2 protein chains.
Amino acid sequence: MGKPAFLPSQHDHQVCIRQALANAKVVCERNGTRLTAQRQQVLELIWQEHRPIGAYDLLEKMHELGHKAAPPTVYRALEFLQENALIHRIESLNAYTGCNHPEHPHASQFLVCQQCRRVAELECEAISEQLSRQAEAAGFACRQQTVEISGLCAECQRGEHG
Amino acid sequence: MGKPAFLPSQHDHQVCIRQALANAKVVCERNGTRLTAQRQQVLELIWQEHRPIGAYDLLEKMHELGHKAAPPTVYRALEFLQENALIHRIESLNAYTGCNHPEHPHASQFLVCQQCRRVAELECEAISEQLSRQAEAAGFACRQQTVEISGLCAECQRGEHG
DNA sequence: GTCAAAGATGTTATAGTATAACGGTTATTT
DNA sequence: AAATAACCGTTATACTATAACATCTTTGAC
Ligand SMILES: [Zn+2]
Ligand SMILES: [Zn+2]
Ligand SMILES: [Zn+2]
Ligand SMILES: [Zn+2]
């Protein structure tokens, strides 16, 4: 039994952040890409919570930290982080969230809570393979999967988030 | 064996359009909603091709037809058509496409060709149920599924679209 | 038929998301 | 050190979507 998809609200999130940064360094080293201070800052801001965050909210947080950046700055960092599989874009929210297992390629499925807006990343091969199979049955060559499920997380079903 | 997911480029698309309009009338009647001239025009424009179309492209087409509309006009029509399950929004494209079976509720999966930009709508219960099951296993109450697969359709794999 | 309520549309302005283009700086390689 | 490539700053602009308020139309009750 692995980790639950949604970690409890009260988990030690500093561990998540530290792990994410450590992973990022390894991944970039392996990829021969540069995790510059700016890119790392954006990644850290994304990992502040298990909630996707929009580009302009990131921008605002950077301003609060005294880093006067313009939109292209944050979009470039986002592009880099996506290319290095360190973050995912949640299409249904126009927002970005940290990847849980950036060290290996994978197709994810996202559970998006409509109440608390937290996101959980599933990595269910049965689903991704079934999708690929159905696509191939239609003669379609699958390149990328976007799977996002909206609903209510367990805590929100119990009314723990108002 | 039902229809193929992607109809051949050369099929008689007038049949698709007529069928879509006939379906729309039935659905709205049943729902007690009004398919006004404007809403019908937007639906027709969406059904001009099996390609998702953006709101502002719709707007432009309406202008070409002499209908001087502003963005809220088209967005309202899109909202109505979505509420009546006559169209779907493709999140990964910010675009809209006609629904193939608006007469019954369903969870769809979309195949989006990156080359010719056509879209096919699958309605595979095995997939939607497996997604629901996985979500529930994580304690998540599933309300809506967004499943979009990017890749190459059969014709484009054969180089038929440049 | 009249009238009130609800629904639909028109209009203007603005919010939110993303990229183009160009120039300058920093890091890496030769 | 010079050449190259990668990265970053800056300005402007494109693209997507909604807020707010006025007007018109349809519907249903009386
Ligand atoms: Zn955490
Ligand atoms: Zn929640
Ligand atoms: Zn057709
Ligand atoms: Zn194609």
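Side-chain atoms are counted along with the backbone in the values below, which use heavy atoms only and exclude waters and symmetry mates. Nothing here was measured: the structure is a model prediction, and the numbers come from that model. Each chain gets a letter, A, B and so on, in the order its sequence line appears, and its residues count up from 1.
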Discussion item. In terms of relative ring orientation, are His101(B) and His106(B) parallel, tilted or perpendicular, with 30° and 60° separating the classes?
Written reply: perpendicular

DNA chain C nearest-nucleotide lookup for Asp57(A) and Ala69(B): closer to the 5′ end is Ala69(B)

- Using a cut-off of less than 4.0 Å, is there contact between a side-chain N or O of Gln38(B) and OP1 or OP2 of dA8(C)? no

When rounded to whole Å, the CD to C1' distance for the pair Glu91(B) and dA18(C) reads 16 Å

Taken to the nearest whole Å, CG/Leu35(A) to C1'/dC7(D) is 13 Å

In whole angstroms, the gap separating P of dC8(D) from CD of Glu79(A) amounts to 12 Å

Given dT26(D), is OP1 or OP2 found less than 4.0 Å from the side-chain N or O atoms of Arg34(B)? no

Beyond-backbone contact of Arg118(A) with Glu49(A), side-chain heavy atoms, under 4.5 angstrom: no

Discussion item. If stacking means aromatic ring centre less than 5.5 angstrom from the base's six-membered ring centre, planes under 30°, is Tyr56(B) stacked on dT16(D)?
Written reply: yes

To the nearest angstrom, the CG-P distance between Leu93(B) and dA17(D) comes to 11 Å

Is it possible for you to say whether Leu43(B) and Val26(B) belong to one hydrophobic cluster, with membership spreading through side-chain heavy-atom contacts below 4.5 Å?
-> no

Open item on the list: Please classify the nucleic acid contact of Tyr96(A) as base, sugar-phosphate, or nothing, using heavy-atom distances under 4.0 Å.
Closed with: sugar-phosphate

Considering only heavy side-chain atoms of Ala70(B), the closest of dA20(C), dT12(C), dG9(D) is dT12(C)

Glu83(A) CD to dA6(D) C1', in whole Å, measures 12 Å

In whole angstroms, the gap separating C1' of dT10(D) from NE2 of His67(A) amounts to 13 Å

DNA chain D nearest-nucleotide lookup for Pro71(A) and Thr36(A): closer to the 5′ end is Thr36(A)

So CG of Leu131(A) and CD1 of Ile127(B): to nearest 0.5 Å the spacing works out to 4.5 Å

Heavy-atom nearest nucleotide on DNA chain D taken for Arg76(B) and for Arg89(B); more 5' hit belongs to Arg89(B)

Between CG of Leu59(B) and P of dG10(C) the distance, given in whole Å, is 12 Å

Check this one for me: any side-chain N or O of Tyr75(B) less than 4.0 Å away from OP1 or OP2 of dT9(C)? no

dist Gln48(B):CD -> Cys16(B):SG (nearest 0.5 Å) comes out at 11.5 Å

Among dC8(D), dT11(C), dT16(D), the one nearest any side-chain atom of Arg39(A) is dC8(D)

Met62(A) atom CE is separated from dG9(D) atom C1', nearest whole Å, by 12 Å

